[in-house]
Amino acid sequence: MDTAKNRRQQTMKSHRCGELNLAHCGCMVELAGWVQRRRDHGGLIFVDLRDRFGVVQVVFNPEIDKAAFLAAEKLRNEFVVAVKGQVIKRLPGMENPNLATGEIEVAAHSLEVLSESKPLPFQLDRAEDVDESLRLRYRYLDLRRPEMQRNLILRHRTCQAVRNYFNEHDFLEIETPMLTRSTPEGARDYLVPSRLHPGAFYALPQSPQLFKQLLMVSGLERYYQIVRCFRDEDLRADRQPEFTQIDVEMSFTDREEIIHIIEGMIRRVFRETIGLEVQPPFPRLTYREAMDKYGSDKPDLRFGLPIVDISSVVANSGFKVFSQAIAKGGVVRGLNVKGGGSLPRREIDLLANVVTEAGAAGLAWGIVEAGGELRSSIAKFLSAEEVAGILNAMAAEPGDLLCWVAAPLAVAATALGRLRLYLGEKLNLIDRNSWQFVWIVDWPLLEWNPEERRYEALHHPFTSPHPDDVELLVTDPGKARAQAYDLVLNGIELGGGSIRIHRREVQEKMFKALGMSNEEAYARFGFLLDAFDYGPPPHGGIAFGLDRLVMLLAGRDSIRDCIAFPKTQSAMDLLTQAPAQVAASQLRELHIRTVAEAPVQK
RNA sequence: GGAGCCGUGGUGUAGUCGGUUUAACACGCAGCCCUGUCAAGGCUGAGAUCGCGGGUUCGAGUCCCGUCGGUUCCGCCA
């Protein structure tokens with residue numbers, strides 16, 4: 001049995017609040033923590049004492065110790081106290097089944113107030129409802145809540161599982177610079193002015209991409225890092241200006257090995273954090289399949305509602321909206337909302353907004369009636385064969401709501417993809433207890449940017465084309481597939497990576513496809529190209545969003561809940577009030593003059 | 001850059017459509033009572049000129065314009 005004598009947890013504690021149970025009965029214990037709540041009955045005072053490890057009820061009884069009792073009368077919420085007392089079994093009927101320590105309580109023999117607290121700006125037990133800006137301003141108080149501590153603990157355990165896993169597989173954790181060089185492409189950089197080099201700037205890394213490739217050139221072969229990355233772009237619930245990646249790179253490898261290694265990591269993380277056994281190998285979809293069937297490159301597979309193409313059925317239809325869209329090279333696709341025929345008309349009308357916001361001209365729809373006929377405003381334009389063909393293609397049954405979009409391929413896919421998500425949410429089709437992993441493979445290598453009238457790398461310029469598609473880089477760049485892969489979980493992109501280009505002639509073709517001369521490429525990435533002149537091994541890797549992974553493990557909707565000190569949507573830190581103005585002397589030293597109207601502090 | 005939602009004592013909300021009363025309720029807070037509570041209970045009390053600025057009006061928490069902050073989404077971003 002544990003006693004204060006043979007085990008002392010922390011200098012000021014013999015035990016942790018949350019660990020006490022019937023086995024400790026009779027022990028004299030020394031506890032320390034925060035007053036979660038005080039219940040003063042006049043002649044008897046109960047205090048729920050909280051530390052990181054749990055809560056225990058302490059009873060102050062004047063018959064046991066008068067001084068402790070009198071001191072307890074002055075306690076307020078969130079005072080920090082040290083208590084000595086005896087663990088006793090609660091009287092029959094007085095147990096609290098809602099408390100892990102609810103079978104016992106601690107009869108206080110002494111009480112010392114270690115520090116006092118003003119009333120909190122918000123009640124910790126109601127913080128879920130409190131305006132988030134207040135929680136962020138007093139983040140250190142918000143983080144006292146067990147729910148928040150649970151998220152941070154989950155994050156810690158995730159990191160430990162990741163490190164243990166990679167360490168056991170001969171990976172080396174290597175740090176890369178935070179002050180580095182701005183490279184074009186990708187996101188906006190956070191810049192850091194140089195004092196020693198007037199007018200020059202470092203950039204904070206968007207990711208350690210180039211460094212980890214250099215480490216492969218160096219022959220480290222297996223690298224990982226849990227690393228902070230910075231992107232100065234607009235924020236979302238799952239995007240912060242600084243975020244953490246699990247970054248991985250391997251030499252002498254291929255896509256299959258990387259996927260296999262990562263599936264092992266995921267399995268390890270889920271097992272050691274939430275005790276869930278996920279079952280690799282995870283299913284795979286090509287990018288094309290994902291876009292065609294789910295209208296998204298990160299499909300949520302927790303529900304069905306697939307997109308169905310009916311172009312061939314209506315290509316020659318008398319309904320010009322359909323036939324002309326196809327004549328112009330577009331498609332007609334739809335969703336079969338099972339049983340959706342009973343939706344109120346108002347709800348159905350709202351669906352049109354979803355697709356028009358995605359660029360579609362409108363939404364056509366119809367309801368399958370009991371007899372199997374189609375009730376729709378467009379039915380009169382369709383032949384009997386066409387109706388039969390549509391019903392057959394969409395596996396329609398009486399009571400179903402059928403929705404169609406006629407548009408260019410990309411627009412139709414995105415519009416129906418969003419409609420699918422909207423309906424999945426609205427009709428409660430999503431199984432909240434399910435974990436649907438999927439690898440998206442065979443990404444396009446390049447993407448046409450109509451404004452700049454050139455191709456851009458979908459992933460980044462060092463992504464290797466599919467071995468069969470190298471020549472396409474020259475003949476038809478838009479058709480080339482990349483050796484890239486993303487892992488998606490429940491409709492959220494967890495991570496992505498690729499096999500990299502390690503041969504000079506392929507890299508040059510890539511730059512050419514991107515409309516970049518060798519001189520330009522050298523000016524931008526010279527250090528990497530130089531390195532690749534000295535025996536670069538074939539290599540590839542992947543990077544994961546740690547914040548998103550922990551968010552999903554914690555069952556939260558925002559990564560802010562899994563970051564100790566996050567920023568707001570406008571990238572403010574409400575706790576420190578960063579970013580802030582700096583002294584004019586600091587700017588002078590950095591050779592910086594600001595054109596902003598806001599005054600600079602003297 | 002754009003769209004939606006939110007901003008009323010310390011906290012969460014009601015009041016906003018239909019303009020005018022001592023701005024209501026719950027939690028918290030303070031004092032008193034209370035020896036078995038655990039969202040303790042009872043009594044008493046303090047505390048908000050309604051994010052900020054301007055406008056309309058006899059009169060604005062309420063209507064209009066602007067602005068600030070938060071949030072969700074689109075654009076943007078691996």
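Chain naming here is simple, since letters A, B, ... match the order of the sequence lines and numbering starts at 1 in each.
Among the heavy atoms of the strands lying under 4.0 Å from A:Gly186 are primed sugar atoms or P, OP1, OP2 only; no base atom is included. Counting non-hydrogen atoms under 4.0 angstrom, A:Gln245 reaches the backbone sugars and phosphates but no base. The residue A:Gln240 sits apart from the nucleic acid: no heavy atom pair falls under 4.0 Å. Residue contacts for A:Glu105: at a heavy-atom cut-off of 4.0 Å it reaches a base atom on one of the strands shown. No contact: A:His460 has no heavy atom under 4.0 Å from any strand. Residue contacts shown for A:Arg231 are limited to sugar-phosphate atoms, with no base heavy atom under 4.0 Å away. A:Ser570 comes within 4.0 angstrom of sugar-phosphate atoms only, judged by non-hydrogen atoms across all strands, and of no base. Among the atoms of the strands shown, only primed sugar atoms or phosphate atoms (P, OP1, OP2) are found under 4.0 Å from some heavy atom of A:Glu132. Within 4.0 Å of A:Asn77, counting heavy atoms only, lie sugar-phosphate atoms of the nucleic acid but no base atom. Residue contacts shown for A:Ile64 are absent, as no nucleic acid heavy atom lies under 4.0 Å away.
The side chain of A:Arg236 contributes an N or O atom lying less than 4.0 Å from OP1 or OP2 of B:C74. Remark: A:Arg39 is in phosphate contact with B:A40, judged by side-chain N or O atoms under 4.0 Å from OP1 or OP2. Phosphate proximity of B:A3 to A:Asn353: absent, as no side-chain N or O sits under 4.0 Å from OP1 or OP2. Regarding contacts with the backbone of B:C77, every side-chain N or O of A:Gln206 stays at 4.0 angstrom or more from both OP1 and OP2. Taking side-chain N and O atoms only, A:Ser133 has no distance below 4.0 Å to OP1 or OP2 of B:G69. Under 4.0 angstrom from either OP1 or OP2 of B:U72 there lies at least one side-chain N or O belonging to A:Arg560.
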Under 3.5 Å, side-chain donor or acceptor atoms of residues 92-102 of chain A against the rest of the protein: list the pairs with distances, not counting sequence neighbours.
residue	atom	partner	partner atom	Å
A:Glu95	OE1	A:Gly93	N	3.0
A:Asn96	OD1	A:Asn98	N	2.9
A:Thr101	OG1	A:Val55	O	2.6

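Taking 4.0 Å as the cut-off between side-chain N and carboxylate O, A:Arg155 and A:Asp547 count as a salt-bridged pair. Under a 4.0 Å N-O distance rule, the pair A:Asp442/A:Arg255 qualifies as a salt bridge.
Summarising the base pairing, B:U49 is matched to no nucleotide, lacking a Watson-Crick or G-U wobble pair whose two defining distances lie under 3.5 Å. Pairing partner, B:A26: B:U11, with both Watson-Crick or wobble hydrogen-bond distances short of 3.5 Å. If you check B:G69 for Watson-Crick or wobble pairing at under 3.5 angstrom, you find it paired to B:C6.
For B:G75, the base has no donor-acceptor partner in the side chain of A:Glu233 [N/O atoms by modelled type, under 3.5 angstrom]. Side chain A:Arg37 to base B:C38: no donor-acceptor pair is found below 3.5 Å. At a cut-off of 3.5 angstrom, the base of B:C74 holds no donor-acceptor pair with the side chain of A:Arg418.
Judged purely by atom type and a 3.5 angstrom limit, A:Gln149 uses its side chain to pair as donor or acceptor with the backbone of A:Leu143. Checking side-chain atoms of A:Arg137 against main-chain N and O of A:Leu575 turns up no donor-acceptor pair under 3.5 Å.
Here the separation of B:A23 from B:G69, taken at their C1' atoms, is 24 Å to the nearest Å. The C1' atoms of B:G53 and B:C58 are separated by 23 Å, rounded to the nearest whole Å. Nucleotides B:G12 and B:G28 place their C1' atoms 11 Å apart, quoted to the nearest Å. As rounded to the nearest Å, B:U49 and B:U22 have C1' atoms that lie 14 Å from one another.
Map A:Ser207 and A:Lys567 each onto its nearest nucleotide of RNA chain B; the residue landing nearer the 5' end is A:Lys567.
One interatomic measurement links the two molecules: CD of A:Glu63 to P of B:G36, which rounds to 12 Å at whole-angstrom precision. Atom CD in A:Glu103 sits roughly 15 Å away from atom C1' in B:C38 (whole-Å rounding). When rounded to the nearest whole Å, the span between CD1 of A:Ile45 and P of B:C33 equals 12 Å.
Side chains of A:Asp189 and A:Gln206: a donor-acceptor N/O pair is present below 3.5 angstrom, by distance only. With no hydrogens or angles considered, a side-chain donor-acceptor pair links A:Ser498 and A:Arg500 at under 3.5 Å. A side-chain donor from one of A:Asp247 and A:Tyr223 sits under 3.5 Å from a side-chain acceptor of the other.
For B:G36, the base is not stacked against the aromatic ring of A:His41, per a cut-off of 5.5 Å between centres and 30° between planes.
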Just by protein heavy atoms under 4.0 Å, how would nucleotides 8-17 of chain B read 5' to 3' in B, S and -?
--BBS-----

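The stretch residues 44-60 of chain A participates, sequence neighbours left out, in these side chain to side chain donor-acceptor pair (under 3.5 Å) pairs: A:Lys13-A:Asp51, A:Gln36-A:Arg50, A:Arg39-A:Asp48, A:Arg39-A:Gln57, A:Arg50-A:Glu78, A:Gln57-A:Glu105.
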